[in-house]
Protein chains: 2
Amino acid sequence: MPPEDWTDRHVARWRDHWSGITYDDQVEGIVTRIGQIDHYLGETMKRAAAASDLQESEYKTLHELMIRDTPGSASPGELAEDLKISGAGMTGRLDALEKKGWIRRVSAIDDRRRVIIQITPKGTEVWRGAMANRGTAEDELIASLTDRERATLNRILKKLTLYIESLPD
Amino acid sequence: MPPEDWTDRHVARWRDHWSGITYDDQVEGIVTRIGQIDHYLGETMKRAAAASDLQESEYKTLHELMIRDTPGSASPGELAEDLKISGAGMTGRLDALEKKGWIRRVSAIDDRRRVIIQITPKGTEVWRGAMANRGTAEDELIASLTDRERATLNRILKKLTLYIESLPD
DNA sequence: GACGAAAAATTCGCTAGCGAAATACTATCG
DNA sequence: CGATAGTATTTCGCTAGCGAATTTTTCGTC
């Protein structure tokens, strides 16, 4: 008898009590497990951020600003899109980072609607500190898989992400 | 040359610009893809909820209240734990549902600290309507995988969830 | 060149959720 | 039995993020 996780029990409760409502075991299993894992990863990211006295949103924003083809430089709209938050939310995040002196806003030359967000030397230092300090919880989670399982998981997950990315916005 | 998803490009940017910062391609791939997929699933759930004039939080709460060994009956703490939100957040959600007449709060007999949340007939009706109306976006996403890939994905994801569930709280 | 549509960033008013604190209740231990 | 620790729920003050609206600028068409 293989061990059960929370999702197995959730799916069993559906089966036991609501036979009139159609659902697919496998779909529900995948969807629920992805949700559970993502929640855990979110918690580990909050802890990693906190280890450098950052909020998760600060950590994510700095990281997305640095890991790009133009490291340390991006428009608010690009950042919002990559981080999958609204423009209004992005403005709020940037206001907070600007206040702390980690970024600055510069008007774009080629298009006066545009703002360019640039990391400051202080912001770079904060981000590097956070990267050095980020912990190993993700690595440890994925370490519970074999090398082969990791490759397989990435391959299958990528089929899903390619599907999602093929959809119109 | 296999197609690239957003995560491939993200990982490439890391490699191209920050060789001094250690990371593991496979880990980053898995973690990022799970995040992307979960975000998409969240969006589909919001749309499914909206199809029945529900907020996502309302939809999730009603669903968790119904899909349990005691369908339609649970304590706030149990619901909060299963939904992975704080007790304070759970109180807010329940206040909103109670206001709409979809649930009621009953004092527990065996333990006066406890409240029992019970679904009302109206709440059951709303939930059934939402389930009937929930759309097929999840099914369609997972339909991009073969049967074998689905089973494999569930098996590997379950290894991760079992690891997470083995950790102390 | 004029006009309307689209785009970029921000503002505004609102909501969901958080952590800490508060209150009441229950369990355990000496 | 009394004191203490732990538990369940809610309240409180705060924050991040949302959708809609706003303002300015750019683009495309005639």
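Heavy atoms only: backbone and side chains are in, while hydrogens, waters and symmetry mates are out. Below, chain A is the first sequence line, B the second, and so on; all start at residue 1.
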- request: Let me know the distance between CD1 of A:Ile109 and P of C:dA8, rounded to the nearest Å.
  value: 18 Å
- prompt: C:dT15 C1' sits how many Å from B:Leu54 CG, rounded?
  reply: 16 Å
query: Taking only N and O in the side chain of B:Arg105, is any of them less than 4.0 Å away from OP1 or OP2 of D:dT10?
result: yes
field: SB check B:Arg93 B:Glu58 (cutoff 4.0 Å)
entry: no
message: For A:Glu149, is there an ion pair with B:Arg155 - N to carboxylate O distance below 4.0 angstrom?
response: yes
message: Counting the atoms with a prime plus P, OP1 and OP2 as sugar-phosphate, which does B:Gly87 contact under 4.0 Å by heavy atoms, base, sugar-phosphate, or nothing?
response: base
task: Please confirm whether any donor atom in the side chain of A:Arg113 sits under 3.5 Å from an acceptor in the base of C:dA7, or the reverse.
output: yes
statement: 5'-most contact on DNA chain D (nearest-nucleotide basis), B:Asp95 vs B:Arg114, goes to B:Arg114
message: I want to verify a distance call: between D:dT10, C:dA9, C:dT26, whose nearest atom is closest to the A:Ser75 side chain?
response: C:dA9
field: Angle between terminal axes - the helix from C:dG1-D:dC30 to C:dG30-D:dC1, 5 pairs each end, rounded to 10°
entry: 30°
- request: Could you check how far CD1 of B:Ile116 sits from P of D:dA8, rounded to whole Å?
  value: 12 Å
- prompt: Is the closest basic N to carboxylate O distance between B:Arg13 and B:Asp16 below 4.0 Å?
  reply: no
task: Answer yes or no for B:Arg134 and B:Trp127: cation-pi contact, defined as NZ/CZ to six-membered ring centre under 6.0 Å and angle to ring axis within 45°.
output: no
query: Salt bridge between A:Asp82 and B:Arg9, side-chain N to carboxylate O under 4.0 Å?
result: no
- line: Among the nucleotides C:dT10, D:dC18, C:dT26, whichever has the atom closest to the side chain of A:Ile85 is D:dC18
message: Please evaluate residues B:Asp25 and B:Tyr23 with respect to the criterion side chain to side chain donor-acceptor pair (under 3.5 Å), reporting the C-alpha separation (whole Å), side-chain torsions for both, the decisive distance (0.1 Å), and the verdict.
response: CA-CA 6 Å; B:Asp25 265 25; B:Tyr23 76 107; 3.1 Å; yes
Selected nucleotide, minimal atom distance to A:Asp111 side chain, candidates D:dT10, C:dA9, D:dT25: D:dT25
- prompt: Rounded to whole angstroms, how far apart are CG on A:Leu94 and C1' on D:dA16?
  reply: 13 Å
- request: Whole angstrom is fine here: how far is it from CZ in A:Arg93 over to P in C:dT10?
  value: 15 Å
- prompt: Given atom NZ of A:Lys46 and atom C1' of C:dG19, what is their separation to the nearest angstrom?
  reply: 12 Å
- request: Would you please indicate if the ring centroids of B:His63 and A:Trp18 are separated by under 6.0 Å?
  value: no
field: Nucleotide of D:dG17, D:dT9, C:dC12 approaching A:Ala88 most closely (side-chain heavy atoms)
entry: C:dC12
- request: Could you check how far CD of B:Glu98 sits from C1' of D:dT9, rounded to whole Å?
  value: 13 Å
task: Answer yes or no: does atom NZ of B:Lys60 have more than 12 heavy-atom neighbours from other residues, nucleotides or ligands under 6.0 Å?
output: no
- prompt: B:Asp110 or A:Met90: which one's nearest nucleotide on DNA chain C is closer to the 5' end?
  reply: A:Met90
Phosphate-side-chain proximity, A:Arg112 and D:dT26, N/O vs OP1/OP2 below 4.0 Å: yes
- prompt: Rounding to a whole Å, what distance do you find between A:Leu83:CG and D:dC18:C1'?
  reply: 16 Å
